[in-house]
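In what follows, chains carry the letters A, B, and so on, assigned in the order in which the sequence lines appear, proteins first and then strands, with residues in each chain numbered from 1. Note that this is a predicted model, so its numbers are computed, not measured.
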There are 2 protein chains.
Amino acid sequence: MVKAQAAESRIEQLCVEHGLKMTGQRRVIARVLSEADDHPDVEELYRRALSLDSRISVATVYRTVRLLEEKGILERRDFGGGRARYEATEHGHHHYHLIDVDNGRVIEFEDPEAEELMRRMADRLGFEFVSLRLELFGKKKKQSASAATPHRKGETT
Amino acid sequence: MVKAQAAESRIEQLCVEHGLKMTGQRRVIARVLSEADDHPDVEELYRRALSLDSRISVATVYRTVRLLEEKGILERRDFGGGRARYEATEHGHHHYHLIDVDNGRVIEFEDPEAEELMRRMADRLGFEFVSLRLELFGKKKKQSASAATPHRKGETT
DNA sequence: GTAGATGCAAATACTTTGCAAATGG
DNA sequence: CCATTTGCAAAGTATTTGCATCTAC
């Protein structure tokens with residue numbers, strides 16, 4: 001009684017839960033997104049999807065990321081440079097991005113205080129908090145006397 | 001000995017200080033930018049410039065905002081919606097933006113804590129703080145029991 | 001006088017869309 | 001089956017650029 005089938009990717013599961021029709025193309029794109037640990041733009045998603053299945057067009061990638069964004073499964077990011085970047089929506093623990101201005105690399109970090117602070121700020125301004133966009137730009141320091149890099153989640157593109 | 005001439009706009013002064021050649025078009029665009037208290041996109045800057053002087057092309061507006069951004073006189077913003085928005089760089093006291101998700105209106109606010117917090121975060125991650133992009137998205141609350149709206153700077157588009 | 005700025009239109013870059021053919025539930 | 005989705009190419013936006021002409025310094 002074991003289902004002998006290629007494992008459903010995490011994002012594919014979410015698609016099914018949202019009642020989306022799972023075409024071959026969507027399955028591939030969902031898989032690419034599930035396996036990505038960076039912030040690919042559409043062109044890059046298309047490239048990765050093509051390497052898994054050649055019968056995908058870039059228009060479908062555009063349509064799919066738009067759909068998944070509307071469903072709240074994906075989040076669109078803008079790190080400058082014109083093109084939108086995508087990453088899977090995370091449930092509770094939000095993270096933010098530090099962009100290395102010298103090479104464009106992106107480091108994710110968490111900061112529980114930041115959201116707390118901004119929730120209070122929204123409240124004071126008479127608004128209900130919806131979301132927060134927080135991007136830090138910095139240059140890597142040369143000398144590293146401190147070994148600790150707390151809250152660091154990883155470095156990607 | 002009084003110079004009888006149309007007052008130099010603040011941004012025009014900055015242009016001169018940066019050694020830019022002051023053409024008629026640049027003077028007009030500088031004036032429009034100096035007088036703006038909102039976050040106009042290129043199309044809007046072009047419209048305002050045209051109303052002061054008809055011999056300006058949109059290409060020049062694009063070229064000028066790019067130049068002024070490179071010189072650090074202007075800052076480019078992205079509030080979603082595809083087009084870049086511009087505002088004059090402020091010296092010391094930075095402000096951030098709260099975007100009303102219902103109507104796209106933008107409210108500026110200050111928060112000394114936010115930058116402090118992010119400077120420390122950058123430091124912990126081994127980076128030298130360069131800048132911070134912070135945008136808050138919210139919905140206006142209905143009932144307003146609190147009269148105080150501290151740090152509020154103004155509401156624009 | 002001359003390096004640099006401008007206008008115009010064509011080019012680019014990213015994204016969306018119309019339509020006929022293909023397909024998932 | 002039939003409502004949806006897809007591919008393709010054309011259309012849309014926002015922005016940049018080549019080139020001849022103009023202009024600030």
Side-chain angles (χ1 to χ4, degrees), chain A residues 5-6 8 11-13 15-32 39-47 49-50 52-71 73-86, chain B residues 5-6 8 11-13 15-33 39-47 49-50 52-71 73-86 104:
Chain A
Q5 185 169 19
E8 244 182 6
I11 299 222
E12 182 177 344
Q13 286 179 44
C15 289
V16 172
E17 286 168 24
H18 281 265
L20 301 179
K21 190 190 273 195
M22 288 315 294
T23 63
Q25 289 88 332
R26 285 190 183 165
R27 232 181 289 276
V28 170
I29 295 168
R31 178 148 161 229
V32 167
H39 311 85
D41 57 31
V42 166
E43 204 58 47
E44 178 62 22
L45 289 173
Y46 176 51
R47 230 173 291 127
L50 269 189
L52 296 180
D53 183 334
S54 60
R55 94 201 67 187
I56 288 181
S57 78
V58 66
T60 296
V61 180
Y62 273 106
R63 283 192 269 234
T64 303
V65 293
R66 181 144 59 104
L67 179 67
L68 299 199
E69 198 202 347
E70 282 164 8
K71 294 292 183 183
I73 296 171
L74 274 191
E75 284 180 3
R76 189 206 311 250
R77 303 275 175 221
D78 164 51
F79 296 151
R83 48 247 280 176
R85 312 278 215 97
Y86 293 88
Chain B
Q5 186 169 17
E8 246 183 3
I11 298 221
E12 182 177 344
Q13 286 178 44
C15 289
V16 172
E17 285 168 25
H18 282 266
L20 300 180
K21 189 190 276 192
M22 287 316 294
T23 63
Q25 290 88 334
R26 284 191 184 165
R27 231 181 289 276
V28 170
I29 295 168
R31 175 145 164 235
V32 167
L33 287 166
H39 311 85
D41 56 32
V42 167
E43 204 58 45
E44 177 62 23
L45 288 173
Y46 177 51
R47 230 173 291 128
L50 268 189
L52 296 181
D53 183 333
S54 61
R55 95 200 66 186
I56 288 181
S57 78
V58 66
T60 295
V61 179
Y62 272 108
R63 281 191 270 236
T64 303
V65 293
R66 181 143 59 102
L67 178 67
L68 299 200
E69 197 202 347
E70 281 163 8
K71 294 293 184 183
I73 296 172
L74 274 191
E75 285 180 1
R76 191 207 310 250
R77 303 275 175 222
D78 164 51
F79 296 151
R83 46 247 282 176
R85 313 279 215 95
Y86 292 88

Inset, instruction - Would you mind reading off the distance between A:Arg76 atom CZ and C:dT16 atom C1', rounded to a whole angstrom? - result: 12 Å
Please tabulate the protein-to-nucleotide N/O contacts below 3.5 Å involving nucleotides 3-6 of chain C, giving atom names and distances.
| unit_1 | atom_1 | unit_2 | atom_2 | d |
| --- | --- | --- | --- | --- |
| C:dA5 | OP1 | B:Arg26 | NH1 | 3.2 |
| C:dA5 | OP1 | B:Arg26 | NH2 | 3.1 |
| C:dA5 | O5' | B:Arg26 | NH2 | 3.4 |
| C:dT6 | OP1 | B:Thr23 | OG1 | 2.8 |
| C:dT6 | O3' | B:Gln25 | NE2 | 2.9 |

Legend entry - Flag side-chain contact, heavy atom, 4.5 Å: A:Ile29 against A:Thr60: yes
Inset, instruction - Whole angstrom is fine here: how far is it from CZ in A:Phe79 over to P in C:dC14? - result: 17 Å
Inset, instruction - Let me know the distance between CD of A:Glu70 and P of C:dT15, rounded to the nearest Å. - result: 15 Å
Inset, instruction - Would you kindly compare B:Met22 and B:Val42 by the position of their nearest DNA chain D nucleotide and give the one closer to the 5′ end? - result: B:Val42
Legend entry - With sequence neighbours excluded, residues passing side-chain hydrogen bond (donor to acceptor under 3.5 Å, both in side chains) with B:Arg66: none
Legend entry - Under 3.5 Å: donor-acceptor pair, side chain of B:Arg27, backbone of B:Met22: yes
Inset, instruction - Rounded off to whole Å, could you give me the OH-to-C1' distance for the A:Tyr62 and C:dC14 pair? - result: 5 Å
Could you write out each protein N or O paired with an N or O of nucleotides 11-13 of chain C at a distance under 3.5 Å?
none

Inset, instruction - Go through the steps to decide whether B:Thr64 and B:Gln25 satisfy the test side-chain contact (heavy atoms from CB on, under 4.5 Å), and finish with yes or no. - result: CA-CA 9 Å; B:Thr64 303; B:Gln25 290 88 334; over 6 Å; no
Inset, instruction - Find the distance between OH (B:Tyr86) and CD1 (B:Ile73) and round it off to the nearest 0.5 Å. - result: 13.5 Å
Legend entry - B:Glu44: partners by salt bridge (Lys or Arg N to Asp or Glu O under 4.0 Å), with sequence neighbours left out: B:Arg47, B:Arg48
Legend entry - Nucleotide C:dC14, atom P - distance to CZ of A:Arg77 in whole Å: 20 Å
Output a table of donor-acceptor pairs, distance under 3.5 Å, between side-chain atoms of residues 74-83 of chain A and any protein atom two or more places apart or on a different chain; print 'none' if there are none.
| unit_1 | atom_1 | unit_2 | atom_2 | d |
| --- | --- | --- | --- | --- |
| A:Glu75 | OE1 | A:Arg77 | NH2 | 2.5 |
| A:Arg76 | NE | A:Glu69 | OE1 | 3.4 |
| A:Arg76 | NH2 | A:Glu69 | OE1 | 2.9 |
| A:Arg77 | NE | A:Glu87 | OE2 | 2.6 |
| A:Arg77 | NH2 | A:Glu87 | OE2 | 3.2 |
| A:Asp78 | OD1 | A:Gly80 | N | 3.1 |
| A:Arg83 | NE | A:Asp41 | OD2 | 3.2 |

Inset, instruction - To the nearest Å, give me how far apart OH (B:Tyr46) and C1' (C:dC8) are. - result: 11 Å
Legend entry - Which residues share a salt bridge (Lys or Arg N to Asp or Glu O under 4.0 Å) with B:Arg31, sequence neighbours left out: B:Glu35
Legend entry - Closest listed nucleotide, where the reference is the side chain of A:Ala59 and the choices are C:dG25, D:dA9, D:dT17: D:dA9
Inset, instruction - Could you check B:Gly82 against A:Val61 and say which one's nearest nucleotide on DNA chain D is further toward the 5' end? - result: A:Val61
Legend entry - Spacing of A:Leu68 atom CG and A:Arg26 atom CZ [to the nearest 0.5 Å]: 7.5 Å
